[in-house]
Amino acid sequence: MADAADLRGTTSARARRWLRRTAALLAAAPMLAGLTQIPAAPAAHAESKATGSRSVDVSITSLTPTAPKKSDTLTVSGTVTNDTKSTVSGAQVGLRVGPTMNGRSAIDTTAHRTGYTEGLDGTEVDDKYAKKIGKLSAGASRDFSLSIPVDQLHLGENGVYQLGVSLTGGTSSQPWPQVLGIERTFLPWQSGTATKKSQLTYLWPLISATHVTARTDNDEDRTPIFRDDRLAEELAPGGRLQQMVALGKNLPITWVIDPDLLATVDAMTKKYEVQNPSGKGTTAGRGQTVAKQWLDALQKAVDGKQVVALPFADPDLASLAHRGKNVTGTLSHLQGATELASTTVETILGVRPRTDFAWPVDGAIDSSIVDVATSAGAHNVIARSDSLRETGGLSYTPTAARQIGGGNTAVVADARLSTAFTGDMSKAENSTLAIQTFLAQSQMFNLQAPDKQRSIVVAPQRTPTTSQAQAMAAALEGLSGQWTQPLSLGQAAKAKPDPSATQRVPSSRSYPRSLRARELPTEAFDRIQETQKTLDNFEPILTAKYRVVTPFGNAIRREMSTSWRSEAHNAAGFRHDVQTYLSGLTKKVRLVPKTDMTLSGRSATVPVTLQNNLVQGVELRLVLRSQQGNRLAISDPQLVNVEGGHSQSVKFGTTANANGPVWVSAQLYTPDGQPYGREMLFEVNVTEITSTVILVIAGGVLLLVLAGVRIYVQRKRAAARSGEDGGDGEDAETAHGQDDEDDSEAPETDRRDPAHALVPEQPSDPAADTGSQSAGPSGSGEKVER
C-alpha cells in the first residue's frame, strides 16, 4: 500500500482511488443495501496512521533526566511545525512508550525509522499529561513541554525503551484525529544498580591544527611567527579548547594530548608574531592572557588523571605506512616525535604521560599501519570495531583489548559510541537524540551479557567542536555510574582479552578508500626528506645550533601531521614555505664572488671572503684548488670562524711556476667534510715568470751553494790550526767564536709553518674580520702585488 505521507499530509492519487473503490464496494454490498450513506472515514483513519504521520515535524530538544530513576519526573520539551499547506485542527502533543529494544542493532533501526506505525510506536500515555495546542496554521511552529512522573510510564524490566512524542490532529481533507507527526528517542531504564558494571574508558582529545611556522624573529628570544591567531579564539572563554578543558576536568576520562598543542600554547604565553594575511610582514599576537589561563586550567584538570601523549604533532600513521615508509629516512622522524612528546608534556604540565599508545585516523588499521605505529615503541594501538571486525559470531560485544601478535595490543574502541557525536550537535534535537542513543547503546552493551564484566573504550573524533564536546560531557554525566564504571586507557589495555574475539589484523586491501584518498602523498614525504637533508647539512656549521635545529625539526614533524588530511592545499604550501625559508638561511653563509685576478710575481696571496649574514657565528673549512697544480700551487685548506653579521677574508699563499691563466676553485666544507654551497671558480693570471727571472732564481741558488762551500772550507782550516797549536783553550774559544761569526753570515732559513711560508704578509691584504659587507663580486681587474 502506498505511503501517503510522502506528500506531507495530502492524500495520494493511489490512496484516493483506493478510497473510491472501497466506498463503491461497500455501497454495493447487499448487507449494506438499506443504508443511505456509507462513510469512508473509518477506513481512511486507519490508513492515515501509517501514511499521514509525517505531515507535522516533531523535534525533541530536551529530555531530563537522561537516565531517570523511579522517583524522578521526566520532562520532554521540543517544537512542532506544520509542514503542510492547511491548518491542523485539534492538535495535541502526547508521549508514547514503545517496547524495549532487543539488541544494539534494534536501536540503530529505530533511530532511522520515520513515520508512525501502529503497534511499534506504542500507545499514548494518559491524556492528562498531553499538551493541547488546538489549531496549528500552515507553516506555523509551537513549542511544547511535557512532564510526567516516571512511575506513571509503567516501565517494566530493565532495558532500553523506545520513547515517542507524537502530534495528533485533523486536516481539512481528513478531519478526524490521527497521528500527523512523531519523533522517537530512547529511554534507558535501570531500576537498580547493575550486578556487574561495564568498565568504560572515554578518550578526551586535546588536538589542534598546525599554527606555528618555521620562522622566528632574529632576536635573542627567537620570537616565533604563527600562521594565524585562530588558536587564541579556541583558548578564549567559550572557545573549543577552553570548553574541552572546562568540561573534562570533572569527567571520568583519559586525556589524549598532542604535545605540539602544548608547545604552541606555551609559546603564546610569551611574545609572538602572526603573519599578515597578505603574507607580507607580521603583527603582534594577542593571545598571551588566554594562553596562560588555559595552561593553568589544564594543569589543574589533568591532576590525578591519566595523560596519554601522542607523538609530537600527531603524525599521520596511515600516510606514513602507505606512502612514507618507502622514502628513506621518513620513519626515523616517528621515534624523535615520541621522545619529544614525553619531555614536552612533562615540562609544561608537570605530569609523566604514557607514550606507548598509537592512534591511527578513525581507528582504521591494517598490518602496515600496526608495523609503523609500533616501530617507535607504541605497543598499544587504538583501533575501532568497524575496522577490526568480529568474525566469530559472538552474541555480545567483546572486551576492548586484543592481542595481535609481537607483544602488541589492539585496544578496540566501540564504533557506535565513538561516532555518536560526529554530527551537527549545535542543533538541540540532534544533540538530545545523540545523548539518548549513547546512553541506550552503553546500557545495551551491559545487558548483552550482564554476568560477564567487560571493558568498552570510546575514541571520539580528534577535534570535537564546542557543541560536540558539550553533548559528550552531558552523556557522560548522564551515566551516573548506573551500569558503567570508569577505567583508564592503560587499565583497559591490560584487561584480559576475550578468547573468542577477533585478533587478526586486516590486510591493507581492507583499508577504507575514503580515508586512503585523504592521505599525504608520496611527494610530500620526498619534500620532507629534502628539507631534512638541507637541515642536516646546515647544522654542523652553526655555533648556536638550537636556534635553527629546534624550530625546523618541529616544522618537519608538523609537515606529517594528521591535521593536514582536510587541508591538502595548505599542507603543500606549508612544506614549500619551510623548505624555501631554510634554503634562504643557508644562502646567508656564502663566498663573496671574485672576478679574475693577476699575480705579478712568483709568489703572492689570494684573498677569499666568506660572508655570514646569520645572527649567529659559523665555522667552516675553506679549500682553494688550482686546476693546474704544476703551474700554480696553493697553500693548505683553512678553518674559518665568522661571527654573525660579519665577513672574513681568508688569505691563501700561492707559488707560480709558469706564466698564463690558471682556473682556481673555492669550495666551503662543513667541519665534518661535507660540501657546503656551490663551488666558486675564478681565474688567476700569472704575468712575470720570464726566462730572465728563472736565470736570476738559478743564480741565487748557485750563490747559496758557493756560500756553503766557503763556510765548509773555512771550518776545515780552523780545525787544522787548532790541531797545530796543541789544543790551547784560548785559541779554541777564538776558533769557536769565528765559527759563530761565520754562521751568522749564512742565510737564515724560514722556520715558520710550511703553509705560512707561502703566505708573506702584504701591506694590501684586507683586515682579518670586518663587519657585514656587500655580497657583490670583488672589483674588476683585481691585482695582488708581491
Side-chain angles (χ1 to χ4, degrees), residues 1-29 32 34-61 76-98 113-146 163-185 427 429:
M1 188 178 298
D3 189 350
D6 290 340
L7 297 181
R8 293 270 173 171
T10 62
T11 306
S12 69
R14 182 181 299 179
R16 287 195 298 270
R17 288 195 300 271
W18 185 87
L19 288 172
R20 286 196 296 268
R21 287 196 300 268
T22 301
L25 288 173
L26 290 174
L32 298 176
L35 298 177
T36 58
Q37 184 179 2
I38 305 296
H45 185 192
E47 170 68 9
S48 70
K49 292 182 180 179
T51 61
S53 54
R54 291 161 59 188
S55 302
V56 174
D57 178 69
V58 181
S59 64
I60 301 174
T61 58
V76 183
S77 302
T79 304
V80 292
T81 302
N82 183 359
D83 288 336
T84 70
K85 294 183 179 180
S86 60
T87 300
V88 174
S89 58
Q92 174 177 297
V93 179
L95 199 63
R96 295 173 179 270
V97 178
R113 190 159 57 85
T114 59
Y116 170 74
T117 303
E118 188 173 13
L120 293 181
D121 287 318
T123 57
E124 189 173 316
V125 179
D126 196 326
D127 256 7
K128 67 179 180 180
Y129 300 111
K131 173 72 173 180
K132 298 186 184 300
I133 293 178
K135 288 186 178 181
L136 186 63
S137 302
S141 296
R142 293 282 296 275
D143 294 334
F144 68 85
S145 181
L146 307 175
L163 191 68
V165 175
S166 63
L167 181 135
T168 58
T171 64
S172 58
S173 60
Q174 297 175 331
W176 50 86
Q178 57 191 296
V179 175
L180 298 177
I182 187 170
E183 176 71 357
R184 298 173 193 81
T185 188
K427 295 181 178 180
E429 60 179 316

Side chain proximity check, [X] to [Y], heavy atoms < 4.5 angstrom:
X	Y	result
Arg96	Val179	yes
Thr84	Thr171	no
Leu163	Val97	yes

*Can you name the nearest heavy-atom pair linking Ser59 to Glu429, along with the distance?*
CB-OE1, 3.2 Å
*Considering all heavy atoms of both residues, which atom of Gly94 and which atom of Leu146 are nearest to each other, and what is their separation?*
C-CD1, 4.0 Å
Measuring from atom [atom1] of [X] to atom [atom2] of [Y], what distance do you get when rounded to the nearest 0.5 angstrom?
X	Y	atom1	atom2	answer
Arg184	Ser166	CZ	OG	10.0 Å
Leu180	Asp83	CG	CG	11.0 Å
Lys135	Asn82	NZ	CG	13.0 Å
Ile133	Ser89	CD1	OG	12.5 Å

*Check side chain to side chain contact (heavy atoms under 4.5 Å, CB included) between Gln92 and all other residues, then give those that pass, not counting sequence neighbours.*
Glu124, Asp127, Ala130, Lys132, Thr168
_Residues Val58, Ile182; criterion side-chain contact (heavy atoms from CB on, under 4.5 Å); working and verdict_ = CA-CA 6 Å; Val58 181; Ile182 187 170; 5.7 Å; no
For residues 137-145, please give each side-chain donor-acceptor pair under 3.5 Å, one per line with the distance, not counting sequence neighbours.
unit_1 : atom_1 : unit_2 : atom_2 : d
Ser141 : OG     : Thr81  : OG1    : 2.7
Asp143 : OD1    : Thr79  : OG1    : 2.9
Ser145 : OG     : Ser77  : OG     : 3.2

